[in-house]
Novice: 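Here's a structure for you.
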Amino acid sequence: MEINWLYKSFTELSPFELYEVLKLRNEVFVLEQNCVYQDADGKDKDSWHLMGWDQTSLVAYCRIIPPGNAFDEASIGRVVSSPLYRRTGSGRQLMKIAIEKTLSQFNCQSVRIGAQLYLKDFYTSLGFEQASEIYLEDGIKHIEMIVKKG
């Protein structure tokens, strides 16, 4: 499988792309993780969107959020992999590209994320370090993590 990676501002997203992004986020965050929350939180419009496609199937997605929006630093959020494509390495590929894009997009020295605690080892393997105590968000344990340039 060859993944086609697209990186777009909100206004560049086609209606099809936006629909597939929202559909995948709902499938995983609302249905699979049984989390009732407001997904359309106002941050999408100011964010950049990284999408991995296998033809017309959305494999993996995240949004790149400008500094001062979610955190003081630039951040990566709504990181999600399609259940049909898990364990293919697409999530790791997504995050490597996302880190690179975030650092260059905002010419910054670090990137902060709010990570689900069970994914701490995954993010640590990508260079992130824990930067907060455990906190609950939508009933799920989270930690803030930070990765620095270089």
Side-chain angles (χ1 to χ4, degrees), residues 3-53 58-82 85-86 89-150:
I3 299 175
N4 180 29
W5 294 100
L6 298 178
Y7 185 65
K8 296 184 173 189
S9 69
F10 182 78
T11 57
E12 294 173 317
L13 294 172
S14 72
F16 173 80
E17 290 166 335
L18 180 58
Y19 176 82
E20 291 300 313
V21 163
L22 295 175
K23 181 177 141 195
L24 179 59
R25 286 174 18 181
N26 274 306
E27 177 184 0
V28 174
F29 300 135
V30 176
L31 298 175
E32 182 180 299
Q33 295 181 356
N34 196 27
C35 218
V36 178
Y37 73 106
Q38 180 65 43
D39 181 47
D41 60 1
K43 293 182 177 89
D44 288 313
K45 294 181 284 184
D46 297 324
S47 298
W48 288 78
H49 303 270
L50 178 60
M51 303 164 286
W53 295 91
L58 185 57
V59 173
Y61 164 85
C62 70
R63 66 181 180 186
I64 311 297
I65 306 169
N69 197 316
F71 300 105
D72 289 341
E73 301 91 347
S75 61
I76 301 168
R78 297 293 197 264
V79 178
V80 63
S81 293
S82 168
Y85 290 90
R86 292 197 183 135
S90 58
R92 179 168 299 284
Q93 204 176 354
L94 171 78
M95 283 306 297
K96 286 181 177 181
I97 297 168
I99 293 165
E100 177 185 307
K101 293 281 190 192
T102 306
L103 292 170
S104 64
Q105 179 78 35
F106 301 109
N107 192 28
C108 54
Q109 297 301 307
S110 63
V111 178
R112 184 175 294 263
I113 61 172
Q116 292 183 6
L117 182 60
Y118 85 95
L119 291 168
K120 179 182 177 183
D121 290 344
F122 170 72
Y123 289 117
T124 299
S125 75
L126 292 164
F128 283 90
E129 295 179 0
Q130 185 170 340
S132 78
E133 297 298 318
I134 297 170
Y135 62 93
L136 281 180
E137 184 175 312
D138 301 316
I140 298 172
K141 290 180 181 179
H142 281 72
I143 53 173
E144 289 181 15
M145 300 187 82
I146 196 163
V147 65
K148 295 184 179 176
K149 191 175 196 173

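All values reported here derive from a predicted model rather than from experimental measurement.
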Novice: Can you list, pair by pair, the side-chain donor-acceptor contacts under 3.5 Å of residues 137-150, counting residues two or more places apart and other chains?
Specialist:
residue : atom : partner : partner atom : Å
H142    : ND1  : I140    : O            : 2.8
E144    : OE1  : R112    : NH1          : 2.8

Novice: Name the orientation class of the two ring planes belonging to H49 and Y61 (parallel below 30°, tilted from 30 to 60°, perpendicular beyond 60°).
Specialist: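 The rings of H49 and Y61 lie parallel, inter-plane angle below 30°.
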Novice: If I compare all heavy atoms of P66 with all of D46, which pair ends up nearest, and what's the gap?
Specialist: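 Looks like CG-O, 3.2 Å.
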Novice: Check this for me: E100, atom CD, are more than 12 non-hydrogen atoms of other residues, nucleotides or ligands nearer than 6.0 Å?
Specialist: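 Incorrect, the count does not exceed 12.
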Novice: Working to the nearest 0.5 Å, report the span between CG of L103 and OG of S110.
Specialist: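 Here the interatomic distance stands at 8.0 Å.
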Novice: Drop me the distance from Y7's OH to C62's SG, to the nearest 0.5 angstrom.
Specialist: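 So the gap between those two atoms works out to 8.5 Å.
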Novice: Compare all side-chain heavy atoms of F106 with those of I64 and state whether any distance is below 4.5 angstrom.
Specialist: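 Answer yes - side chains close enough.
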Novice: Can you tell me how far apart CZ (R92) and OG (S125) are? Round to the nearest 0.5 Å.
Specialist: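 Here the rounded value is 3.5 Å.
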Novice: What heavy-atom pair brings S81 and G91 nearest, and what distance separates the two atoms?
Specialist: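 Shortest heavy-atom contact: OG-CA, 3.8 Å.
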Novice: Taking the side chain as C-beta and beyond, is there a heavy-atom pair between K23 and L58 under 4.5 Å?
Specialist: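 Answer no - side chains too far apart.
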Novice: Could you tell me whether a side-chain N or O of Q130 sits under 3.5 Å from a main-chain N or O of S132, the two making a donor and an acceptor?
Specialist: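 Checked: pair present.
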Novice: Any chance you could measure K45, atom NZ, to T11, atom OG1, to the nearest 0.5 Å?
Specialist: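 So the NZ of K45 and the OG1 of T11 are separated by 12.5 Å.
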Novice: At their closest point, which heavy atom of W5 faces which heavy atom of S90, and how far apart are they?
Specialist: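 Minimum heavy-atom contact is CH2-O, 3.8 Å.
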Novice: Check whether more than 12 heavy atoms from other residues, nucleotides or ligands sit under 6.0 Å from atom CD of E129, and answer yes or no.
Specialist: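 No, not enclosed.
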Novice: One pair to check against side-chain contact (heavy atoms from CB on, under 4.5 Å): R63 and F10. What are the steps and the verdict?
Specialist: CA-CA 10 Å; R63 66 181 180 186; F10 182 78; over 6 Å; no
